[in-house]
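These notes are about the structure you will find just below.
Positions are given from 1, in the same order as the sequence printed here. Model, not experiment: these values are computed from the prediction.
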Amino acid sequence: MTAEIVPGILPVSNVAQTRRFAAQCGATIPGWMDRLFEGLDDLPAARQLVAATIAAELCRRLYAGGVRDFHFYTLNRAELAYAICHMLGVRGGTQAAEKAA
C-alpha cells in the first residue's frame, strides 16, 4: 500500500508567534528567517510580503525536488495563500479572488 505525502506549508506572517510555536515543539526557526522579519513588528503589510516570498521560494524548491502538490495552512489568512499561489503561477478565476478577499 502506498500513500502520497503532501507537504503542509504554513506561511510565517507573525514571527513571534512562530517562535513560540516552534519552541513548544522543541524546535527553532532558522536565523535567516528571523532576520528577515527584524523591524517589521508594526508593519503588517511588509510582514505579509516577506511571508509570501519565503513560502513561495520554499514551494519552488520543493517543486524542483519533485513535489507537485502542496497543502497551505491558512489560519484564516486565505489572501496570503492566494498571493503565494499567484506568485507560483497558479491563477484562479474571479470567483477564487473573491473568496480570498
Shortest non-hydrogen contact from L80 toward A52: CD1-CB, 3.9 Å
I54-L43 co-clustered via ILVMFWY side chain contacts under 4.5 Å: yes
Separation of T53 OG1 from I84 CD1 (nearest 0.5 Å): 9.0 Å
Shortest non-hydrogen contact between M87 and R60, atoms and distance: O-NH2, 3.2 Å
Residue list, ring pair (Phe, Tyr, Trp, His ring centres under 6.0 Å) with H71, at least two apart or on another chain: Y73
Same apolar cluster: I9 and Y82, side chain cutoff 4.5 Å: no
Pairs flagged by side-chain hydrogen bond (donor to acceptor under 3.5 Å, both in side chains) wherever residues 4-32 is involved - sequence neighbours left out: R19-D34
Nearest non-hydrogen partners of A81 and F72, listed with the distance: CB-CB, 4.1 Å
Minimum heavy-atom distance between V12 and V15, given as atom pair plus value: CG1-CA, 4.0 Å
Joint cluster assignment, L88 & L58, ILVMFWY side-chain distance < 4.5 Å: yes
Greater than 12 external heavy atoms within 6.0 Å of R68's CZ: yes
Closest non-hydrogen atom pair between Y63 and F70, with its separation: N-CZ, 4.1 Å
Distance-minimising heavy-atom pair for D42 and R47: N-NH1, 4.1 Å
